[in-house]
Colleague: 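Encoded as structure tokens, here's the structure I'll be asking about.
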Amino acid sequence: QVQLVESGGGLVQAGGSLRLSCAASGRTFSNYAMGWFRQAPGKEREFVAAKRWSGASTHYADSVKGRFTISRDSAKNTVYLQMNSLKPEDTAVYYCAAKYGLPATSADYDYWGQGTQVTVSS
């Protein structure tokens with residue numbers, strides 16, 4: 001079955017960087033879109049970034065544009081979220097997700113990882 005396993009979360013000071021990884025397994029993802037979402041305490045899950053597994057186009061939430069970068073390594077079947085210039089408001093549990101077809105900013109994805117905590121201190 002499909003498994004998405006996130007890693008790379010942690011505690012970082014404001015202005016710092018983290019790189020999240022999402023190891024994907026269980027099927028060929030060439031026709032899938034991969035997304036990153038986050039959920040802060042007391043808030044709804046929100047879209048962060050997405051891209052098609054095959055293809056160069058990327059999509060970002062306005063709040064992270066210019067600071068975060070989504071990428072993938074096909075050889076490792078892994079999707080990354082490079083997060084730079086982190087802010088306290090980026091604190092959340094970050095989830096990796098996969099959906100068949102085109103990327104979407106809604107949480108209408110088929111598969112989800114378990115999440116990884118990112119905490120940004122001021």
Side-chain angles (χ1 to χ4, degrees):
Q1 72 276 23
V2 173
Q3 276 196 315
L4 303 174
V5 180
E6 302 98 333
S7 61
L11 173 64
V12 64
Q13 288 189 330
S17 299
L18 281 175
R19 188 178 77 159
L20 305 183
S21 300
C22 172
S25 62
R27 67 167 64 243
T28 301
F29 289 91
S30 55
N31 292 319
Y32 277 70
M34 305 300 294
W36 285 97
F37 289 75
R38 66 187 182 187
Q39 188 166 18
K43 294 188 176 181
E44 292 189 354
R45 191 169 297 189
E46 65 173 1
F47 169 77
V48 175
K51 75 179 303 297
R52 294 190 69 180
W53 187 273
S54 302
S57 65
T58 54
H59 309 266
Y60 297 97
D62 288 342
S63 59
V64 306
K65 205 170 289 184
R67 300 188 298 123
F68 290 11
T69 302
I70 185 172
S71 63
R72 61 102 178 88
D73 184 331
S74 294
K76 296 182 178 180
N77 244 31
T78 299
V79 176
Y80 301 99
L81 184 68
Q82 177 67 44
M83 306 185 296
N84 298 328
S85 302
L86 282 161
K87 306 174 181 180
E89 50 264 44
D90 294 319
T91 295
V93 177
Y94 283 71
Y95 297 91
C96 174
K99 69 180 291 289
Y100 186 84
L102 298 175
T105 59
S106 66
D108 188 22
Y109 281 62
D110 303 311
Y111 305 101
W112 292 84
Q114 82 289 351
T116 185
Q117 176 70 47
V118 171
T119 303
V120 184
S121 63
S122 57

Colleague: Keeping the roles fixed (side chain from Arg67, backbone from Ser85), state whether a donor-acceptor pair exists under 3.5 Å.
Modeller: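 At least one qualifying donor-acceptor pair exists.
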
Colleague: Find the distance between CD (Gln114) and CG (Leu4) and round it off to the nearest 0.5 Å.
Modeller: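 One gets 9.0 Å once the value is rounded to the nearest 0.5 Å.
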
Colleague: Is Tyr80 isolated, or which residues cluster with it under the ILVMFWY side-chain rule of less than 4.5 Å, directly or via members?
Modeller: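 Other cluster members: none.
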
Colleague: One pair to check against salt bridge (charged side-chain N to carboxylate O under 4.0 Å, His left out): Lys87 and Asp90. What are the steps and the verdict?
Modeller: CA-CA 5 Å; Lys87 306 174 181 180; Asp90 294 319; over 6 Å; no

Colleague: Specify whether Tyr32 and Tyr100 have parallel, tilted or perpendicular ring planes, treating 30° as the upper limit for parallel and 60° as the lower limit for perpendicular.
Modeller: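 Because their plane-to-plane angle is over 60°, the rings of Tyr32 and Tyr100 count as perpendicular.
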
Colleague: Extract all donor-acceptor atom pairs below 3.5 Å that involve side chains of residues 115-122 and protein atoms in other chains or at least two apart in sequence.
Modeller:
unit_1 : atom_1 : unit_2 : atom_2 : d
Thr116 : OG1    : Gly9   : N      : 3.2
Gln117 : NE2    : Ala92  : O      : 3.4
Gln117 : NE2    : Thr119 : OG1    : 3.3

Colleague: Show your working on side chain to side chain contact (heavy atoms under 4.5 Å, CB included) between Ser57 and His59 and close with a plain yes or no.
Modeller: CA-CA 7 Å; Ser57 65; His59 309 266; 4.1 Å; yes

Colleague: Quick one, Phe29 and Asn77 - any side-chain contact, counting heavy atoms below 4.5 Å?
Modeller: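 In short, these two side chains touch, coming nearer than 4.5 Å.
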
Colleague: Treat each ILVMFWY residue as a node, draw an edge where side-chain heavy atoms are under 4.5 Å apart, and state whether Tyr94 and Val12 are in one component.
Modeller: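 The answer is yes; both residues are in one hydrophobic cluster.
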
Colleague: Let's go through Leu86 and Leu18 carefully: what are the C-alpha distance in whole Å and the side-chain angles of both, what is the deciding distance for side chain to side chain contact (heavy atoms under 4.5 Å, CB included) to 0.1 Å, and is it a yes or a no?
Modeller: CA-CA 8 Å; Leu86 282 161; Leu18 281 175; 4.2 Å; yes

Colleague: Minimum heavy-atom separation for Phe37 to Ser106, with atom names?
Modeller: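 Where Phe37 meets Ser106 most closely, the heavy atoms are CZ-O, 3.2 Å.
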
Colleague: Quick one: closest heavy-atom pair of Val48 and Val64, and the distance?
Modeller: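 Scanning both residues completely, I find the closest heavy atoms to be O-CG2, 3.5 Å.
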
Colleague: Using modelled atom types and a 3.5 Å cut-off, is there a donor and acceptor pairing between side-chain atoms of Tyr109 and backbone atoms of Ala104?
Modeller: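 Yes; at least one donor-acceptor contact below 3.5 Å.
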
Colleague: Roughly how far, to the nearest 0.5 Å, is the OG atom of Ser74 from the NZ atom of Lys76?
Modeller: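 Taking NZ in Lys76 and OG in Ser74, the distance rounds to 12.0 Å.
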
Colleague: Is it the case that over 12 heavy atoms from other parts of the model lie below 6.0 angstrom from the NZ atom of Lys65?
Modeller: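 Counting neighbours around NZ of Lys65, more than 12 heavy atoms of other residues, nucleotides or ligands fall under 6.0 Å, so yes.
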
Colleague: Step by step, would you call Ser17 with Met83 a side chain to side chain contact (heavy atoms under 4.5 Å, CB included)?
Modeller: CA-CA 5 Å; Ser17 299; Met83 306 185 296; over 6 Å; no

Colleague: Between Lys99 and Pro103 (side chain of the first, backbone of the second, donor and acceptor by atom type, cut-off under 3.5 Å), is there such a pair?
Modeller: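 No.
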
Colleague: About how many Å separate CG of Leu81 and CZ of Arg19, when rounded to the nearest 0.5 Å?
Modeller: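 It comes to 10.5 Å.
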
Colleague: Evaluate Tyr60 against Phe47 for ring-ring contact (aromatic ring centres under 6.0 Å, His included), listing each step before the verdict.
Modeller: CA-CA 8 Å; Tyr60 297 97; Phe47 169 77; 8.1 Å; no

Colleague: Can you see whether Tyr95 has Arg45 sitting over its ring - NZ or CZ less than 6.0 Å from the centre and within 45° of the normal?
Modeller: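 Judged by the rule (NZ or CZ under 6.0 Å from the ring centre, within 45° of its axis), Arg45 counts as positioned above Tyr95.
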
Colleague: In the single-linkage hydrophobic clustering (I, L, V, M, F, W, Y; side-chain heavy atoms under 4.5 Å), do Trp53 and Val2 co-cluster?
Modeller: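 Yes.
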
Colleague: Determine yes or no for a side-chain-to-main-chain donor-acceptor pair under 3.5 angstrom, with Glu6 supplying the side chain and Cys22 the backbone.
Modeller: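 Between the backbone of Cys22 and the side chain of Glu6 there is no qualifying donor-acceptor contact (under 3.5 Å).
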
Colleague: Could you check Thr91 against Glu89 for side chain to side chain contact (heavy atoms under 4.5 Å, CB included), going step by step and ending with a plain yes or no?
Modeller: CA-CA 5 Å; Thr91 295; Glu89 50 264 44; over 6 Å; no

Colleague: Establish whether Met34 and Trp36 are linked, either directly or via other cluster members, by ILVMFWY side-chain heavy-atom contacts under 4.5 Å.
Modeller: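 Same cluster: Met34 reaches Trp36 through Ile, Leu, Val, Met, Phe, Trp or Tyr contacts under 4.5 Å.
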
Colleague: Using modelled atom types only, decide if a donor and an acceptor are shared between the side chain of Thr78 and the backbone of Asp73 within a distance under 3.5 Å.
Modeller: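 Not at all, since once roles are kept as given, no pair shorter than 3.5 Å links the two residues.
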
Colleague: With a 4.5 Å limit on heavy-atom distance, are the side chains of Gln13 and Pro88 in contact?
Modeller: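 They are not in contact (no side-chain heavy atoms under 4.5 Å apart), so the answer is no.
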
